[in-house]
Amino acid sequence: MKGLGYIGAFLGGAAAGAIIGILVAPDKGSNTREKISGTVNDFLKKHNIKLSRKEVGDLIEDLEDASE
């Protein structure tokens with residue numbers, strides 16, 4: 001069971017790193033937001049996680065704030 005925690009932490013860190021990498025890449029803000037939104041939606045669908053549009057938006061804003 002402890003191994004699953006490490007795997008979850010690794011995957012969470014990898015996802016956060018990918019998002020931060022996207023945020024600091026030299027691209028237009030609208031393109032970056034579309035990339036993040038698409039990536040988050042794909043992740044949620046893959047793991048069968050249901051969030052409202054507002055919750056996803058809040059998550060993206062939190063990740064943007066954390067990268068600053």
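- Under the side-chain contact (heavy atoms from CB on, under 4.5 Å) criterion, Glu55 pairs with Leu51, Ser52, not counting sequence neighbours.
- For residues 11-44, every residue pair satisfying the ring-ring contact (aromatic ring centres under 6.0 Å, His included) rule, not counting sequence neighbours, is listed here: Phe43-His47.
- Lys46 pairs by the side-chain hydrogen bond (donor to acceptor under 3.5 Å, both in side chains) definition with nothing, not counting sequence neighbours.
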